[in-house]
Each structure stands twice: as structure tokens, then as C-alpha cells.
Amino acid sequence: MAESQITIKGSIVPLSFNASKCKVALRTIQDGEEIEYPILAKGAGIDFIDMVSNFVSAKCMLNPCEEEDCTKIHVCSYTVLDELDENDLFSPAHE
């Protein structure tokens, strides 16, 4: 697991590729590129299975997964946002 938490803002979407133990992803934009982070269904991340299409700000730990060539996230806490400001999406806050 990563050493520190980061905050990622984005929308919850159905996972568009196969990643074991994950059903949904947090879609965001970083450096002009759309990225989907598969969400591990443990901790606060278990709530996201029923939250597709919601916008969230999630404090999470990155979990690189070399076997599946993706970076999964373990959500520690989150806030549901009414809507996502375009400026928020293009400049995610890192703590």
C-alpha cells in the first residue's frame, strides 16, 4: 500500500475492464487524460457499489497492481459532492 493518503475527485462509474475484487471505479482526469481507478470493495469503498454516477471527493491509498496493469484505490473516507466543478476535475488535490 502507498505510504500516504491522496484526495481524488471524480465520478463513480461501472468498471470498464476486469480487475479482481473490484466492481466500480473512480473516474477522474489527470494531466488531460481520463483515468479510471478500480475501487477495492473494502473500507469506505464498499459504499460505492450503490453510488454509480455520483460525484465524490475520496481520500484514498493507491495500490499499484502489476499483474493487472492498473492502480486500484483503497478508499479511507469520502464526501459526496452535489456536482463536480470542471476546475476540480482537472486539478485533483493531493494531500
Side-chain angles (χ1 to χ4, degrees):
M1 236 186 233
E3 294 150 14
S4 61
Q5 289 184 3
I6 64 166
T7 300
I8 301 174
K9 293 179 181 180
S11 60
I12 306 300
V13 296
L15 192 59
S16 66
F17 56 92
N18 189 22
S20 64
K21 300 182 183 178
C22 300
K23 303 257 188 248
V24 293
L26 180 58
R27 181 180 292 159
T28 190
I29 296 180
Q30 291 181 342
D31 300 325
E33 184 180 338
E34 190 173 279
I35 298 173
E36 275 187 20
Y37 291 103
I39 300 168
L40 292 168
K42 63 181 183 178
I46 202 156
D47 296 343
F48 290 161
I49 293 170
D50 297 323
M51 295 176 57
V52 171
S53 298
N54 281 303
F55 295 107
V56 298
S57 174
K59 289 188 180 190
C60 49
M61 307 279 271
L62 299 178
N63 291 301
C65 183
E66 293 178 18
E67 301 87 35
E68 296 176 5
D69 193 31
C70 65
T71 299
K72 298 176 184 178
I73 57 174
H74 174 217
V75 177
C76 302
S77 65
Y78 66 92
T79 302
V80 176
L81 306 172
D82 289 335
E83 62 181 69
L84 197 59
D85 185 302
E86 189 173 300
N87 292 327
D88 288 335
L89 188 59
F90 285 100
S91 57
H94 293 277
E95 294 181 346

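We're numbering straight along the sequence, starting at 1. Every value quoted in this text rests on a predicted model; they were computed, and no experiment measured them.
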- Query: So do the side chains of Thr71 and Cys65 get within less than 4.5 Å of each other, counting heavy atoms only?
  - Reply: no
- Any side-chain heavy-atom pair from Thr79 and Val56 closer than 4.5 angstrom? no
- Message: Looking at every heavy atom in both His74 and Gly43, which two are closest together, and how far apart are they?
- Response: NE2-CA, 4.3 Å
- Asn54 versus Ser11: any side-chain heavy-atom pair under 4.5 Å? no
- Could you state the interatomic distance from CD1 (Ile73) to CD1 (Ile8), rounded to the nearest 0.5 Å? 5.0 Å
- Item | Given Met51, Lys59, Lys9, the one that forms side chain to side chain contact (heavy atoms under 4.5 Å, CB included) with Tyr78 | Met51
- Message: Please give me the minimum heavy-atom distance between Pro38 and Cys22, naming the atom from each residue.
- Response: CB-SG, 3.7 Å
- Distance col, row Glu34:CD vs Arg27:CZ, nearest 0.5 angstrom, shows 4.5 Å
- Identified side chain to side chain contact (heavy atoms under 4.5 Å, CB included) partner of Tyr37 from the options Leu15, Asn63, Thr28, Val75: Thr28
- If you group Ile, Leu, Val, Met, Phe, Trp and Tyr by side-chain heavy-atom gaps below 4.5 Å, do Val80 and Val52 land in one group? yes
- Query: Which atoms form the tightest heavy-atom contact between Leu26 and Ala58, and what is the distance?
  - Reply: CD2-CB, 4.2 Å
- Between the OG atom in Ser77 and the CD atom in Gln5, the distance rounded to the nearest 0.5 Å is 6.0 Å
- Between Ile12 and Ser53, does a side chain to side chain contact (heavy atoms under 4.5 Å, CB included) hold up when you go through it step by step? CA-CA 5 Å; Ile12 306 300; Ser53 298; over 6 Å; no
- Query: Are Val13 and Ile39 connected in a single hydrophobic cluster, I mean Ile/Leu/Val/Met/Phe/Trp/Tyr linked by side-chain heavy atoms less than 4.5 Å apart?
  - Reply: no
